[in-house]
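Naming: A, B, ... by sequence-line order, numbering from 1 per chain.
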Amino acid sequence: MKLWLAKQRYLIDFTLASLARRKTRNLGLLLVYTLLVFMLASVTLYTHALRQEAARVLAASPEVIVQRMVAGRHDLIPPGYMEKIGRIRGVQKMEGRLWGYYYDAVTKANYTFMVPAGNPPAAGEIVVGPALERSRGLAKDNGISFRSYSGKLHTFIVADVLPQASELVSADLVLMSEQNFRAFFDYPVGHYTDIALSVANPQEVRNVAVKLGAALPDARPILRDEVLRTYASIYDWREGIVLALLSAAILAFGILAWEKASGLSAEEKREIGILKAIGWETGDVIKMKFWEGLLISLTAFLAGFVAAYVHVFHFAASLFEPVLKGWAVLYPRFQLTPHIDGLQVATLFFFTVVPYAAAVLVPIWKAAITDPDSVMRS
Amino acid sequence: MIELSGIRKAFNQGHDNEYWALDGIDLSIEAKKVTALRGPSGSGKTTLLTIVGCLARPTEGRVRLLGEDISGLPERFLTEIRRKRFGFIFQQFNLIKGLSALDNIILPAYPTGRPRRELLERAEELLAGLKLGHRRHAKVEWLSGGEQQRVAICRALINDPELVIADEPTANLDTHLSREFMGILEGLADQGRTILLTSHDPLVVESDVVQRVIDMRDGKLIDEH
């Protein structure tokens with residue numbers, strides 16, 4: 001065992017010396033390789049963190065949201081609807097919600113106006129999301145006017161700004177009292193936008209949804225799990241688009257690695273011949289080259305991954321942000337919670353390190369099995 | 001020490017350009033003696049050297065080392081024999097560029113796993129013996145031809161081989177350096193090592209150090225002195 005370890009040490013020593021001797025070429029390869037891992041890791045780390053963030057924020061949302069449909073379109077909940085739902089077993093709590101969209105011509109963006117469930121702002125006051133705070137330059141106690149769809153101007157005082165922790169889903173929110181909301185949108189009394197239901201037993205959520213469908217045929221129950229799944233698939237889709245764009249880079253790297261691997265230089269072939277002639281076994285030569293490939297790919301993987309981590313969690317993934325994050329004109333700005341998924345790292349490792357090691361080994365093996373007598377004739 | 005019987009070696013066998021480099025060699029190389037193979041280019045000297053040195057296998061015939069038939073051994077065993085028993089001095093020296101003289105010298109000992117300190121001590125000793133100690137950390141491409149050859153000789157001796165094989169050792173040296181080499185060769189012979197070399201340099205084959213000269217032509221042994 002000691003002898004084996006000593007041999008491996010010698011092989012690694014020689015490998016490091018070989019890498020240092022071909023500095024420019026190896027550094028170039030390392031740079032491209034690191035860049036590739038960096039891009040792939042940035043995309044996967046970022047989308048994964050976004051999914052986690054969405055799940056974390058939505059964890060506090062109601063289990064079921066009921067909407068009313070008319071001709072396949074979302075319509076207001078009329079009076080009397082809530083009473084019917086109240087009779088369904090399993091429903092623990094129910095509240096009518098008021099929310100709607102408002103287009104602000106100043107910022108050319110849509111805001112979500114909403115009446116919060118608890119502690120609504122006082123009449124004439126609003127609480128705004130962080131993106132709105134930025135885009136309209138608002139601060140606490142500032143006044144702001146919005147012209148309603150009926151053409152009337154409404155003025156509000158900013159009572160507070162929402163915390164950044166929930167910005168992913170609250171960037172464009174404007175919270176106000178029920179009275180202000182109904183006045184602003186000319187919302188009829190007794191009508192709601194939708195209904196939020198709490199179900200005590202998570203196993204019962206689907207049953208409640210089925211019962212809702214039976215009791216109110218024009219209702220559409222939206223389950224929290226489904227919303228989470230929708231977010232997840234949106235991020236999957238965005239991740240797919242970026243990866244598709246990156247596929248050109250991956251292909252270019254593949255060609256570079258293959259070129260490097262299959263095109264062993266005359267000098268390298270000569271060295272392999274010398275080593276074999278002076279008593280190195282074919283296995284020693286292959287091991288030496290294996291260490292070389294492993295050192296390059298591991299260094300690139302670690303450097304690329306660490307750079308991606310810093311890029312995503314310290315610089316908010318500034319390179320991919322516009323494609324991966326936004327779904328509105330107002331982009332949320334927030335610090336993602338660092339999260340690394342073991343399976344994700346393993347997948348990335350498998351798709352970057354393993355193909356390189358394999359691509360390098362085959363031509364090395366071909367060169368290593370050549371007869372050592374060739375060195376006598378060089 | 002080494003006995004060759006009925007050795008034939010073909011290149012490109014079965015193809016249009018099939019060529020027999022050795023054609024029926026029977027030869028016995030005695031231990032602790034300096035033997036030279038002499039002959040024009042293409043006479044088969046180097047090919048014979050590669051077969052004796054286990055760098056290649058004969059197409060036909062048997063090679064016996066200390067009475068044991070080694071011609072049919074798998075490559076792994078041939079490599080081990082090559083590493084333990086033979087030291088090679090190549091015509092072009094074949095040193096690894098970018099490495100120091102010391103690192104080149106200890107390369108053949110890497111597969112043995114011997115402690116590094118022991119290897120370095122042995123390498124220093126060899127370099128000092130050939131008056132090259134002051135150049136031990138120099139990269140080999142910075143060395144002169146004569147210095148490079150002395151590094152190659154040290155490398156050949158790092159595993160303390162019984163037999164030293166040298167292919168045209170003076171082909172790249174001037175007269176002065178060639179004489180120096182013959183001096184080193186004499187020292188190796190005095191240590192009791194068997195030496196087999198190829199050369200058509202009169203300074204080598206007519207030297208008193210060389211005890212036996214075998215003439216070759218067209219892959220055959222034609223004369224012996």
Between [atom1] on residue [X] and [atom2] on residue [Y], distance to nearest 0.5 Å:
X	Y	atom1	atom2	answer
E281(A)	R82(B)	CD	CZ	9.5 Å
I278(A)	F86(B)	CD1	CZ	15.5 Å
D284(A)	R83(B)	CG	CZ	7.0 Å
L275(A)	Y110(B)	CG	OH	10.5 Å

K97(B) side chain near E271(A) side chain, heavy-atom distance below 4.5 Å
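A side-chain contact is absent here, since even the closest heavy-atom pair is not under 4.5 Å.
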Would you check if R21(A) and I96(B) make a side-chain contact, meaning some heavy-atom pair closer than 4.5 Å?
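A side-chain contact under 4.5 Å exists here.
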Just wondering, more than 12 heavy atoms not from [X] lying within 6.0 Å of its [atom1]?
X	atom1	result
R9(A)	CZ	no
E68(B)	CD	no
D16(B)	CG	no
F290(A)	CZ	no
R217(B)	CZ	no
R122(B)	CZ	yes

Contacting region of R22(A) [heavy-atom separation from chain B under 4.5 Å]:
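Looking at R22(A), nothing touches chain B.
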Under 4.5 Å heavy-atom distance to chain B, tell me which part of Q8(A) shows up: side chain, backbone, both or neither.
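Neither part.
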Locate the shortest heavy-atom distance separating G113(B) from A6(A); write the atom from each residue and the value.
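Looks like O-CB, 3.5 Å.
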Counting only N and O atoms by type, is there a donor-acceptor contact under 3.5 Å from the side chain of Y10(A) to the main-chain atoms of R116(B)?
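Present.
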W280(A) side-chain N/O to L107(B) backbone N/O, donor-acceptor pair under 3.5 Å:
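Side chain of W280(A) to backbone of L107(B): a pair is present.
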Pair N94(B)-R270(A), side chain to side chain contact (heavy atoms under 4.5 Å, CB included): steps then yes or no
CA-CA 9 Å; N94(B) 283 336; R270(A) 183 180 156 270; 3.7 Å; yes
Below 4.5 Å, heavy-atom pairs only: which of E80(B), K84(B), R155(B) has the largest tally toward chain A?
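Ranked by heavy-atom pairs under 4.5 Å with chain A, first place is R155(B).
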Just give me the residue among P115(B), G98(B), A156(B), P111(B) that pairs up with chain A most often, heavy atom to heavy atom, under 4.5 Å.
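Among the listed options, the one with the most contacts to chain A is P111(B).
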Test side chain to side chain contact (heavy atoms under 4.5 Å, CB included) applied to F14(A) and L99(B), step by step:
CA-CA 9 Å; F14(A) 184 77; L99(B) 293 185; 3.6 Å; yes
Proximal component of L95(B), with respect to chain A [non-hydrogen, under 4.5 Å]:
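Just its backbone gets close to chain A.
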Ion pair present between E75(B) and K276(A), side-chain N to carboxylate O less than 4.0 angstrom?
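Salt bridge: yes.
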